[in-house]
Amino acid sequence: MEPVTLTTERLVLRAVGPQDNDAVYAACQDPDVQRWTTIPSPYLPEHARGFTEQMVPDGWANASVFTFGVFLPAGDLAGMIGVTMISLGVGELGFWSAKEFRGRGYTTEAALAVARWAFTERAIDRLEWRAEVGNTASRAVADRAGFTMEGTLRSAVNNNGVRRDCWIASLLPSDLALPSTAPYLPAQTA
């Protein structure tokens, strides 16, 4: 599919391309982005080029990963957010924020916009969020976006060759007052 652009009150969410190589490279030099995500570390210019020129377009083309750069209207890259399809009707939301734009609510705003798009335009009925245990900033974004914490998965993340525990949470269309594409039958307590 062709990439789409989403807009919010303060942001433009669009696919990154070659014109964004330098901004992606610069943002990914932040030790926190390298520590809490699975991007290569050290992050080199060729990693940014591979991401913007191959990974992002390929993900959109085969509808496996929908990646959006989070931009301010003036063009500054505030972060990255995307949905990776993990099974029929289920996607995983992942994101990072550029250091100088943290703490302003941009990532939560982007997460809600992408979630609404995924639920209404991609027939996703469940979005999962996962983060390594200890990534409290990511967890705060998930909480503010309305995700329901479901627990801790042991040894569920491989970060640079090291298995780590991660938190998992979910967001359903009904959490945002949106309809599901498939019926949902919650567990019944006896």
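On a predicted model such as this, the values are computed, not experimentally measured, just so you know.
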Side chain to side chain, [X] and [Y], heavy atoms closer than 4.5 Å:
X	Y	answer
Ser138	Trp129	yes
Leu72	Leu11	yes
Val162	Glu132	no
Tyr25	Arg49	no
Thr107	Val70	no
Val114	Phe95	no
Val33	Met80	no
Met149	Asp143	yes

Looking at [Y], is its backbone amide N or carbonyl O close enough to the side chain of [X] to form a donor-acceptor pair, meaning the two atoms are under 3.5 Å apart?
X	Y	result
Asp30	Ala27	no
Gln188	Pro186	yes
Arg130	Cys166	no
Glu109	Arg10	yes
Asp58	Met55	no
Asn159	Arg35	yes

Could you give the distance from [atom1] ([X]) to [atom2] ([Y]), rounded to the nearest 0.5 Å?
X	Y	atom1	atom2	answer
Ile86	Leu127	CD1	CG	9.0 Å
Arg116	Leu6	CZ	CG	11.0 Å
Thr181	Phe119	OG1	CZ	10.0 Å
Asn21	Glu53	CG	CD	4.5 Å
Ser170	Glu128	OG	CD	7.0 Å
Thr5	Phe71	OG1	CZ	10.0 Å

Residue pair [X] / [Y]: nearest heavy atoms and the distance that separates them:
X	Y	result
Leu93	Ala111	CD2-CB, 3.9 Å
Val24	Tyr43	CG1-OH, 3.7 Å
Ala182	Asp125	N-OD2, 3.3 Å
Ala131	Asn135	CB-CB, 4.2 Å
Asp175	Gly146	OD2-O, 4.3 Å

> CG of Asp165: more than 12 outside heavy atoms within 6.0 angstrom?
Replying inline: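 Yes - once you tally the heavy atoms of other residues, nucleotides and ligands closer than 6.0 Å, there are more than 12.
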
>> Does atom CE (Met85) have a neighbourhood of more than 12 heavy atoms from anything else shown, all under 6.0 Å?
In response: yes

>> Does Asn160 form a side chain to side chain donor-acceptor pair (under 3.5 Å) with Gln34? I'd like the steps, not just the answer.
In response: CA-CA 10 Å; Asn160 292 315; Gln34 291 187 24; over 6 Å; no

> Would Leu172 and Arg126 count as a side-chain contact (heavy atoms from CB on, under 4.5 Å) if you check the C-alpha gap in whole Å, the side-chain angles of each, and the deciding distance to 0.1 Å?
Replying inline: CA-CA 5 Å; Leu172 306 178; Arg126 176 183 166 88; 4.1 Å; yes

>> The test is side-chain contact (heavy atoms from CB on, under 4.5 Å); show your working for Leu77 and Phe101 and say whether it passes.
In response: CA-CA 9 Å; Leu77 177 66; Phe101 296 108; over 6 Å; no

> Going through the distances and angles, do Thr136 and Trp167 end up as a side-chain contact (heavy atoms from CB on, under 4.5 Å)?
Replying inline: CA-CA 10 Å; Thr136 55; Trp167 291 315; 4.3 Å; yes

> Going through the checks in order, is the side-chain contact (heavy atoms from CB on, under 4.5 Å) test met by Met1 and Arg122?
Replying inline: CA-CA 11 Å; Met1 83 178 278; Arg122 299 304 309 155; 3.4 Å; yes

>> Taking the ring of Phe68 and the ring of Trp117, is the distance between their centroids below 6.0 Å?
In response: yes

